[in-house]
Participant: 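Sending over a structure as structure tokens; questions will come in a sec.
Chain letters run A, B, ... following the sequence lines, proteins first, then strands; residues in each count from 1. Values below: every heavy atom of this structure, side chains too, minus hydrogens, waters and symmetry copies.
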Amino acid sequence: MSDQKKRLFLVDAYALIFRGYYALIKNPRINSKGMDTSAIMGFMNSFLDVIKKERPDHLAVCFDKGGSANRVEMFEEYKANRDETPDGIKIAIPYIYKILEAMHIPIMVKEGFEADDVIGTLSKQAEKAGYTTFMVTPDKDFAQLVSENIFMYRPVFGGGYETWGIPEVLKKFEVENPLQVIDYLGMMGDASDNIPGLPGVGDKTAKKFIKQFGSMEGLLENTEQLKGKMKEKVEANAELGLLSKKLATIMLDVPVEFHEKDFEMSEPDVTAVTEIFEELEFRRLTTNFTNAFSVEAMASKGTNHEETTPKKTIQKAAPTTNAGEGQFSLFGGDSQPSTATEVFSSRKTIKDTEHFYQLVQSGMGTKLFIGNLMKQPSVCFDTETTGLNPLTAELVGIAFSWEAGKGFYVAFPEEKEAAQELIEQLRPFFESTEIEKIGQNLKYDIKVLRKYDISVKGQLFDTMLAHYLINPDMRHNMDVLAETYLNYTPVSITELIGKKGKNQKSMRDVPVEEQTEYAVEDADITLQLKEHFSKELIEADNQKLFTDIEVPLVRVLADMEAEGINLDKDFLNSLSGDLDSDILTLEKNIYEEAGEEFNIASPKQLGEILFGKMKLVEKPKKTKTGQYSTAEDVLSYLAKDHKIIADVLEYRGLAKLKSTYVDALPLQVEEATQRVHTDYMQTVAATGRLSSNNPNLQNIPIRTERGRQVRKAFIPRDENYVLLAADYSQIELRIIAALSQEETMMEAFKNGEDIHASTASKVFDVPLAEVTREQRSNAKTVNFGIIYGVSAFGLSNQTDLSRGEAKELIDAYYETYPKLKHYMSEQVNFAREHGYVETIMGRRRYLNAINGSNAIVRGAAERNAVNAPIQGSAADIIKIAMINIHRKLEDGHYKTKMLLQVHDELVFDVYKPELEEMKTLIKYEMENAYLMDVPLDVEVGVGQNWLEAH
DNA sequence: CACATGTGCAA
DNA sequence: TATTGCACATGTG
């Protein structure tokens, strides 16, 4: 294999660093010193992968230094608009240098030249010297350099690499010659490099032009063939086009020379590298590194299935050896211990490691399989369906796994009766109370199976929920979890059924062998994640929260979602008509006042009219992108002086109402049930709250008279039912009072006082009876502000108070409630020391930024330290209440159903004969879900619609 | 068609 | 320079 031409790898350092950093932006790696090591980790992972996979004999890592003097000379805005390099990247650079030096990796830097130009020049020189060069970079600009001997070696999102040779470039850019990539980039521009490009020309147009004219020059010489606006624009920007092309051209005459010897790989200084990794707390990388450089690793090197490397130049590796033997120890994130059973080689799909996935054949095969299945104490399963909506989706198959690396797939027939027959055979498994069921997002599977009249019984372990408790701020989809904790990249669903939109396939259209591979892999991975997470749950002392709250809630939510709520479409239709005519009138008035017609819904156009043309304000506030801000708090000050602004505000309110609620809700009524089924997300809000979508039923208007009308559209199931709404009164303030043991506030609650009036009376030092509306309102604002960690500035923004008055008010507030202030600083201190805060049920939120150096970020973390335990404890309490109520309704075989949760409120469809019983039961369960030193109070209302029920 | 931005609804 | 969310219309590529 090495008898082929010699190979040179040139690594574009910054491109890989940026890519690594942003790939982890949602789950940044923070070590115990609070340092963000994402960029280093991301870069090293990619880099070591290349070494491990390709074993290059000649290699260099190329950095920029001092930018490109040349390009800036040509175009002074070149890269000027780029955001400043994030801190996470800045701190990474010196470490990466140090690591590469310790590894004895050649580093190329040429002051005043970009890495692109250095790499370009070197590859062309190496080509003359008989080398095949691989440019390791994701940056598509490099495509212009590709030749018979020069390839791009691109890391692919989700792991693996793809190689671009001439055919790939020609196909990708739809050109005849790689050099035309320069014309393409020149026309289209590149926002990240600040190459302007031709205005109005994007990917599609650029490709068209190149097919038609061959080059930028060809285009500019033949503009008479263009039409309309495009002709004008291109002609007007000819110079810009030529300049853009120059900027996009990678220079090949950088004063560097390719001497073979300088690029030879040599033995790394293992001790030095290990030391740096230890300092950074990179455990997995340490083994990854040893592996990448070891002889053994070379022998057992596996092939990634995504390999697109040309056969002649890149050695194809031997079939993967048994990865379970333990010569790799790549398992686990840097904080996770590695274990023998969960060892997989880096960035591979599970396909490449030894595994045994079997398709269960019908007849005898099914019987044998089910017999075996029923003997297991604990099984992971995953349903495959025709779509994402569990109310309409049909079963395509179910994967099962109970042993790492092994699993089975039961494919389902399309025909309804046959499918039902098959699921009946599986019923004993799903309805067994003995067998524990493991899954990722089990709510979905439960809802799907529900349609087949199967109820999933027994203990549940949902890996998504488990991870949500382990770190609620991270993302919890299975692909990310597999990468983070198991270090492998599952087959993506897009690979199977294509991107959503144009011609997305259904799972049904996927060959059953591929279904098996994909589905069982997911079950296999989920099973392995469970092993991981169950340990971590214990370490974080979150087991009770998991078992007693989050897991039981899954079934409660599945029931609520399946139930849905009745919506009065006709009523909304008539509202829509009313809104329409009012909006039309306002529109006419606004156009008249503005002297022209424009799109009022466009903040850009509106700002231009109000502040650019009419100049209603001397110094208009701008948004971060430099547009005039037309936000409500800006405009409302001006409404009394300018009719047009009052009209705009009213228009906005009505338009919002119509588009977001009145017109949108009827479209969400499910065909099959004629009801609206929201989807509650249990793992989104970092504090432990639920969120609701498709549609969001947690933000239905209530504050304005007009908006409130929408609530009239939510009605009982039929004439035998009424809607009941039960609200916790001031639950968050009660929690903070109890947690801080602030007696004054606790007393007020115990005595059933109006808490805001009571606060006002104490803070402003007036008798309770003499508190003015304004005083109560200000006290209410502070009460809420305290929960969020408000500043004097923020408070003065929310009230009529000046900054000074706001500060006085806050000071008086803390004097009234000294324990409250103490509690707040205690929370902050706890977070500083432990890195997290927790709720009454031990739900944690990690706040690493609280020890960071950025004052703004740190301030936000400090507010979170106060807010998260309060908001989160309230969430804990209502979740407990929901579970208890759900159980009572089930056990008592009531017809009443729980329908909605809105953070501190529950909504029920109550069967009229059960009404009195329900009022008592619901109020009792909510008030007694969790007992604190402050009583909880729940207000219950009943009505013919949601508005009346309040 | 996908994504960013500005805006605004709820607790 | 107040917490947590979701979703709309516009604008851009």
Side-chain angles (χ1 to χ4, degrees), chain A residues 188-191 197-206 472-473 499-502 504 599-607 622-635 648-649 652-653 655-661 663-665 668 678-681 684-704 707-708 710-711 727-728 730-732 781-799 803 806 810 845 855-856 859-860 862-872 874-875 878 900-905:
Chain A
M188 186 175 89
D190 183 339
L198 291 169
V201 177
D203 167 70
K204 288 280 155 61
T205 319
D473 278 291
K499 290 203 180 187
K500 67 173 166 185
K502 20 185 181 182
Q504 192 184 30
N599 189 343
I600 310 167
S602 162
K604 192 175 157 181
Q605 294 183 35
L606 178 64
K622 302 245 183 136
T623 66
K624 61 183 172 188
T625 51
Q627 308 285 337
Y628 296 115
S629 170
T630 64
E632 209 266 347
D633 56 341
V634 175
L635 294 192
V648 164
L649 286 174
R652 274 236 187 106
K656 166 92 179 173
L657 213 55
K658 185 165 145 62
S659 66
T660 309
Y661 304 102
D663 289 349
L665 284 171
Q668 297 274 357
T678 187
D679 192 4
Y680 286 107
M681 302 277 119
V684 170
T687 51
R689 277 186 173 189
L690 299 177
S691 79
S692 150
N693 55 30
N694 293 308
N696 182 357
L697 295 185
Q698 292 181 320
N699 72 342
I700 303 302
I702 194 165
R703 291 177 194 186
T704 66
R708 204 174 293 155
V710 176
R711 295 200 168 216
D727 277 65
Y728 279 109
Q730 309 300 348
I731 187 168
E732 294 189 347
T781 311
V782 191
N783 273 334
F784 277 105
I786 288 304
I787 294 170
Y788 303 141
V790 76
S791 63
F793 180 92
L795 185 63
S796 71
N797 261 349
Q798 298 284 316
T799 58
R803 190 96 64 93
I810 291 175
R845 181 165 185 191
I856 295 176
E862 286 168 2
R863 291 193 294 277
N864 279 330
V866 175
N867 173 263
I870 300 165
Q871 196 180 106
I878 196 168
L900 304 178
Q901 190 252 42
V902 192
H903 310 305
D904 64 357
E905 170 187 6

Participant: Once you apply a heavy-atom cut-off of 4.0 Å, does A/Val684 come out as touching a base, just sugar-phosphate, or nothing?
Facilitator: sugar-phosphate

Participant: Kindly compute the distance separating CD1 (A/Ile878) from NE2 (A/His903), expressed to the nearest 0.5 Å.
Facilitator: 9.5 Å

Participant: In the structure I gave you, are the side-chain heavy atoms of A/Leu635 and A/Arg652 within less than 4.5 Å of one another anywhere?
Facilitator: yes

Participant: If you go through the side-chain atoms of A/Arg689, does one of them form a donor-acceptor pair with the base of B/dA11 closer than 3.5 Å?
Facilitator: yes

Participant: Using 0.5 Å steps for rounding, measure from the CG atom of A/Asn867 to the CZ atom of A/Arg845.
Facilitator: 8.0 Å

Participant: Considering every strand and a 4.0 Å limit on heavy-atom distances, what is the contact class for A/Ser629: base, sugar-phosphate, or nothing?
Facilitator: sugar-phosphate

Participant: Rounding to a whole Å, what distance do you find between A/Asp727:CG and B/dA10:P?
Facilitator: 14 Å

Participant: For A/Asn694 and for A/Thr687, find the nucleotide of DNA chain C with the closest heavy atom, then tell me which residue's nucleotide is more 5'.
Facilitator: A/Thr687

Participant: Could you check whether A/Ile700 gets within reach of a base, just the sugar-phosphate, or nothing at all, counting any heavy atom under 4.0 Å?
Facilitator: sugar-phosphate

Participant: Is the phosphate of B/dG6, meaning OP1 or OP2, less than 4.0 Å from a side-chain N or O of A/Thr630?
Facilitator: no

Participant: Is there a side-chain polar atom (N or O) of A/Arg652 under 4.0 Å from OP1 or OP2 of B/dG8?
Facilitator: yes

Participant: Working to the nearest 0.5 Å, report the span between CG of A/Asp904 and CZ of A/Arg689.
Facilitator: 8.0 Å

Participant: What is the nucleic acid contact for A/Ile856, judged by heavy atoms within less than 4.0 Å: base, sugar-phosphate only, or nothing?
Facilitator: nothing

Participant: Contact boundaries of DNA chain C with chain A (under 4.0 Å, heavy atoms), 5' to 3'?
Facilitator: C/dT1 to C/dT12

Participant: Using a 4.0 Å heavy-atom cut-off across all strands, classify A/Arg708 as base, sugar-phosphate, or nothing.
Facilitator: nothing

Participant: For B/dA10, take OP1 and OP2 only and decide whether either is under 4.0 Å from a side-chain N or O of A/Arg703.
Facilitator: yes

Participant: To the nearest 0.5 Å, how far apart are CG in A/Asn864 and OG1 in A/Thr687?
Facilitator: 9.0 Å

Participant: Pairing donors with acceptors under 3.5 angstrom, does anything connect the side chains of A/Thr678 and A/Ser692?
Facilitator: yes

Participant: Pick base, sugar-phosphate or nothing for A/Thr678, based on heavy-atom distances below 4.0 Å to the nucleic acid.
Facilitator: nothing

Participant: Can you find a side chain N or O atom of A/Ser692 that sits less than 4.0 Å from OP1 or OP2 on B/dA10?
Facilitator: no

Participant: Using a heavy-atom cut-off of under 4.0 Å over every strand shown, decide if A/Asn867 touches base, sugar-phosphate, or nothing.
Facilitator: sugar-phosphate

Participant: For A/Gln871, answer base if it contacts any base atom (sugar-phosphate contacts may also be present), sugar-phosphate if it contacts only those atoms, and nothing otherwise; contact means non-hydrogen atoms under 4.0 Å.
Facilitator: base

Participant: So what does A/Ala686 touch, heavy atoms closer than 4.0 Å: a base, only the sugar-phosphate, or nothing?
Facilitator: sugar-phosphate

Participant: Could you check how far NE2 of A/His903 sits from C1' of B/dA11, rounded to whole Å?
Facilitator: 5 Å

Participant: What is the distance from CG of A/Leu635 to C1' of B/dG8, rounded to the nearest Å?
Facilitator: 12 Å

Participant: Using a cut-off of 4.0 Å on non-hydrogen atoms, how would the nucleic acid contact of A/Gly794 be classed: base, sugar-phosphate, or nothing?
Facilitator: nothing

Participant: Atom CG in A/Leu198, atom OG1 in A/Thr205: separation rounded to 0.5 Å?
Facilitator: 10.0 Å

Participant: Without decimals, in angstroms, what is the distance between A/Ile878 CD1 and B/dA11 C1'?
Facilitator: 10 Å

Participant: How is A/Gln605 classified with respect to the nucleic acid when contacts are heavy atoms under 4.0 Å: base, sugar-phosphate, or nothing?
Facilitator: sugar-phosphate

Participant: Can you measure from OG1 (A/Thr630) to CD (A/Gln605) and round to the nearest 0.5 angstrom?
Facilitator: 11.5 Å

Participant: To the nearest Å, how far apart are A/Ile870 CD1 and B/dA11 P?
Facilitator: 18 Å

